[in-house]
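A short write-up of the structure that comes next.
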Amino acid sequence: MFSPASLLSLSSLYVLLVLLSCFYGGVSSVPTKVGKGYRLISAEETSDGGFLGHLQVKQKNSIYGPDIPLLQLYVKHETGDRLRVHITDAEKQRWEVPYNLIPREQPPASTQTIGRSRKNLLTVSELAGSELIFSFRSDPFSFAVKRKSNGQTLFNSSSGGSDSFGEMVFKDQYLEISTQLPKDASLYGLGENTQPHGIKLYPNDPYTLYTTDVSAINLNTDLYGSHPVYMDLRNVGGEPFAHAVLLLNSNGMDVFYKGKSLTYKIIGGVFDFYFFSGPTPLDVVDQYTSFIGRPAPMPYWSLGFHQCRWGYHNLSVVEDVVENYRQAQIPLDVIWNDDDHMDGHKDFTLNPVNYPRSKLLAFLDKIHNRGMKYIVIIDPGIGVNSSYGVYQRGIANDVFIKYDGEPYLAQVWPGAVNFPDFLNPKTVAWWGDEIKRFHELVPVDGLWIDMNEASNFCSGKCTIPKGKQCPSGTGPGWICCLDCKNITKTRWDDPPYKINASGLQVPVGFKTIATSAVHYNGVLEYDAHSLYGFSQAIATHKALQGLEGKRPFILSRSTYVGSGKYAAHWTGDNKGTWEDLKYSITTVLNFGIFGVPMVGADICGFYPAPTEELCNRWIEVGAFYPFSRDHANYYSPRQELYQWKTVTKSAQNALGMRYKLLPYLYTLNYLAHTSGAPIARPLFFSFPAYKECYGLSTQFLLGSSLMVSPVLEQGKTSVKALFPPGSWYSLFDMTQTIVSKGQYFMLDAPLHVVNVHLYQNTILPMQQGGMISKEARMTPFTLIVTFPAGASEAQAKGNLYLDNDELPEMKLGNGYSTYVDLYATLKQGSVKIWSEVQEGKFALEKGWKIEKITVLGLSGSVDTSGLEINGSPVANGAINGSPVANGASNIELSSMKQMHLQDVEDGVGKKKSLMVELSGLNLYVGKNFDMSMKMVVQG
């Protein structure tokens, strides 16, 4: 949804900055170095195998406030692949990310350690784990983290006398620490922001982390989420090594990446570093999500296509949209409402005129019977209205964030609002009760939590104006109409160091909750600001899971470390431009690294109107986002996919393939939930040794082996795509083959075509598709087996996960799930394909069968006399017409020559290979099967 900050370009924000500078003192100059650092004055081993020390400031100064004189250092190898380095005030407790939000070990309390002797320095200067080594220098204090296997330094906070950065600084409202980096390190992460240079972090671009309602069209600006984690990928002598560094801190921060160094400048909290050893990118996200929380399991239907718009004025419009998708033969699983369904923009209400409950319930019965779902938006701001039950119950339960002892007053869509304090257990219970009440009113299938950075149309301390209506009901609803005064009286509203908020160092309380407002137990908004959307997602997830025991679906705009455990994400208010289409890929890939794999951008752009050509190309990309939704702004023309005949055709093509791939996408969802593996991935996840793909941001993988190479430029009917070494097969025409040595190929891509290729050594499970996931899910399976083109020996593998997707947990062992490993070998002229099934009962009860197997890359056709299924020969007469037993009914066997595309650089010689297809099979997914066949080598 639109919001005031979303409308602000950086140029208009500059005007605001100038106006605000008279209140906030303008922008301070930033010294190159602040202070002389600390010295280690004591160190000892702890009973839990950790390392405990105390640091004393070397020379006090007053830049950004007084230094904290004595610090506590705690280091521990928490697992074989995770190292923690925690530094805090040794004498006073400081704000940290609450341990109930992200469960983790608590370091020793400083009050228990401060009285110990300061003379027992350890004689050793390092602490080794199984994968990582922590080492330190005493004066000035610095630390380094090395990889044990090869001695490579992953993090080193010593400046080494360099001018690039200074020693560690620790003040109440200013913390600074840096690390050296090798010049060839490739860094990824540090979001959320729109990165114009692609997924790889770009030296000297600004990286500010502070949850802000600023439109995603603003480049290099702190956006809706805060993820202070980066992955570092290095290629050492042709061998790739990846690791990650998380600074678990929720305060606003600037991160300065200069190529050879990286510096954190933070306005509060503690240093709480976690180092994840990898060494592969997949290992990194596995280790990272095992700590922050595994990504949430998603219901099957959520992987279908979604349609939304701000401006579906009444229920009849929504009904028409659903019917028009059906008539256009474009798949659709979920219909959404922005706030059009609400009564006066108030949460948990229905507009009695435009969305009368009786008619809405009849509509929901109709689409639910078809298998479709319905989701609505909820904003956190609760309208201040004495006749509004949600507000009355909130006041009665004392659930709102406070300022000067009263609920903090802000303005969002309903007008004057108060913000629930989701750090308060009473608020979580009240929120759950309101969701339950609303679900009884309208049986929605999921919730969309928006504006939760939190967004505020006003700034400062506000009151409701007397003698005028606010908002007036005419003109834009995002103009502040409360009577407000800027707040500058506390250091929390005007901190000494100005982070680059909104890209222009606007005050940290600008268009959000005042940073001196107070949460539960006296927690300051200053500290907890970036946790707001995260804490709301946790409360919403708990509420939905408690309704009917079903698997929740939540879409959240604001995210933090660990949000993926509870919610999906979309990239916010983007623009209908070619540039934004391109940027969307980078943001989607970043969120996979952040542990939020269910992510997508508004297809065709949120605003303004996209061109017809752009919408064609965008659905060809968006059909392969993990979360695929068309969403548009109130003021934009209608852009449902059926609005143009050409887009209808592109949507039928691209979404048609998505719906065939649903079992694969759902299996990726399972793997994400169990191992953190992203659904959409950069190419370097599968090809970490191939340096050419380290910065590639115009193509992406689904899983390990399905590559999407879309058109991202206006007027183009071809695309130059990078193919890592190996054989790749077009998913839309499997006779089309590319054998690459690691080069670019020019691919035809007329308007309705998107290039999707499947890599060698893969078994891909597919179904026949359909207009809705419920129907598509019950169609027969096809297995696509890929070998290297023309190979004499090869292996392939794949997997398939199936379950009752309404159950809250996604796991084996409950009687409602099945997992299948799929294998294939090519050896001595024989092809063997088999499955190993775990807990097949569920799949057998559903009656799922494999009807067709397609094998790609064979050097010869199949000898029909050599075909065996489950150990029994299939007679020649049973092939191409006659029914047989052993898992076959009317087997049709066919083979086609595959065409090999020459590479655009040096013309690789064309190899010969065949596609062999066996249809008419009758193999139960829930039972082990094996099949073997002999080849006749082609001359």
Side-chain angles (χ1 to χ4, degrees), residues 28 30 34 63-68 71 85-89 92-99 101-102 104 168-178 189-193 206-212 221-230 245-256 262-274 292 401 422-423 452-454 490-502 505-510 512-535 558-563:
S28 60
V30 180
V34 182
I63 302 171
Y64 303 136
D67 297 278
I68 293 178
L71 303 177
V85 178
H86 183 277
I87 302 173
T88 187
D89 189 333
K92 294 180 182 178
Q93 186 174 356
R94 289 182 61 80
W95 164 258
E96 299 186 45
V97 174
Y99 282 74
L101 294 188
I102 300 181
R104 59 201 190 278
M168 185 181 78
V169 181
F170 204 118
K171 300 169 184 281
D172 191 26
Q173 289 183 269
Y174 182 78
L175 286 70
E176 180 182 324
I177 196 168
S178 303
L190 296 178
E192 177 180 8
N193 64 7
Y207 297 97
T208 299
L209 280 64
Y210 189 71
T211 61
T212 307
T221 303
D222 48 310
L223 297 180
Y224 314 106
S226 175
H227 294 270
V229 61
Y230 68 86
V245 179
L246 166 67
L247 173 55
L248 190 58
N249 182 304
S250 63
N251 291 83
M253 68 179 77
D254 289 330
V255 186
F256 296 88
L262 184 143
T263 298
Y264 299 90
K265 297 184 178 182
I266 317 154
I267 60 173
V270 302
F271 291 129
D272 196 3
F273 281 104
Y274 291 84
I292 66 168
I401 294 170
F422 293 104
L423 299 182
N452 52 352
E453 293 74 29
T490 78
R491 59 195 179 101
W492 313 115
D493 301 295
D494 187 20
Y497 176 77
K498 309 295 189 276
I499 62 169
N500 195 32
S502 298
Q505 293 184 317
V506 303
V508 287
F510 178 66
T512 188
I513 300 167
T515 43
S516 53
V518 179
H519 291 253
Y520 179 68
N521 271 350
V523 170
L524 287 169
E525 168 69 10
Y526 180 87
D527 293 316
H529 171 83
S530 290
L531 299 176
Y532 194 80
F534 177 42
S535 61
S558 185
T559 59
Y560 184 71
V561 174
S563 284

Between [X] and [Y] (side chain of the first, backbone of the second, donor and acceptor by atom type, cut-off under 3.5 Å), is there such a pair?
| X | Y | value |
| --- | --- | --- |
| Ser535 | Tyr532 | yes |
| Thr211 | Glu453 | yes |
| Gln173 | Arg491 | yes |
| Asp222 | Ser502 | yes |
| Glu192 | Leu223 | no |

Work out which heavy atom in [X] is nearest to a heavy atom in [Y]; give both atom names and the distance.
| X | Y | value |
| --- | --- | --- |
| Lys171 | Tyr64 | CD-O, 3.8 Å |
| Val270 | Leu247 | O-CD1, 4.2 Å |
| Asn249 | Pro228 | O-CG, 3.9 Å |
| Tyr526 | Trp492 | CD1-O, 3.1 Å |
| Ser250 | Ser530 | O-CB, 3.6 Å |
| Val561 | Ile102 | O-CD1, 3.4 Å |

Would you please classify the geometry between the Tyr210 ring and the His529 ring as parallel, tilted or perpendicular, with 30° and 60° separating the classes? parallel

Please examine the side chains of [Y] and [X], heavy atoms only from C-beta on, and report whether any two atoms are closer than 4.5 Å.
| X | Y | value |
| --- | --- | --- |
| Ile266 | Phe271 | yes |
| Pro98 | Leu531 | yes |
| Tyr274 | Ile292 | no |
| Val97 | Tyr560 | yes |

Spacing of [atom1] belonging to [X] relative to [atom2] belonging to [Y], to within rounding of 0.5 Å:
| X | Y | atom1 | atom2 | answer |
| --- | --- | --- | --- | --- |
| Glu176 | Met168 | CD | CE | 10.5 Å |
| Leu423 | Leu101 | CG | CG | 6.0 Å |
| Glu96 | Thr88 | CD | OG1 | 5.5 Å |
| Thr221 | Asn193 | OG1 | CG | 7.5 Å |
| Glu525 | Ile513 | CD | CD1 | 4.0 Å |
| Ile267 | Ile499 | CD1 | CD1 | 4.5 Å |

side-chain contact (heavy atoms from CB on, under 4.5 Å) assessment of Leu262 paired with Val245: CA-CA 11 Å; Leu262 184 143; Val245 179; over 6 Å; no

Taken in chain and number order and not counting sequence neighbours, the residues that satisfy ring-ring contact (aromatic ring centres under 6.0 Å, His included) with Tyr520 are none

Side-chain donor-acceptor pair under 3.5 Å between Asp254 and Thr208, yes or no? yes

Using the side-chain hydrogen bond (donor to acceptor under 3.5 Å, both in side chains) definition, which of the options Asp172, Asp527, Asp89 pairs with Arg94? Asp172

Could you walk me through whether Phe273 and Tyr264 pass ring-ring contact (aromatic ring centres under 6.0 Å, His included), step by step? CA-CA 12 Å; Phe273 281 104; Tyr264 299 90; 5.6 Å; yes

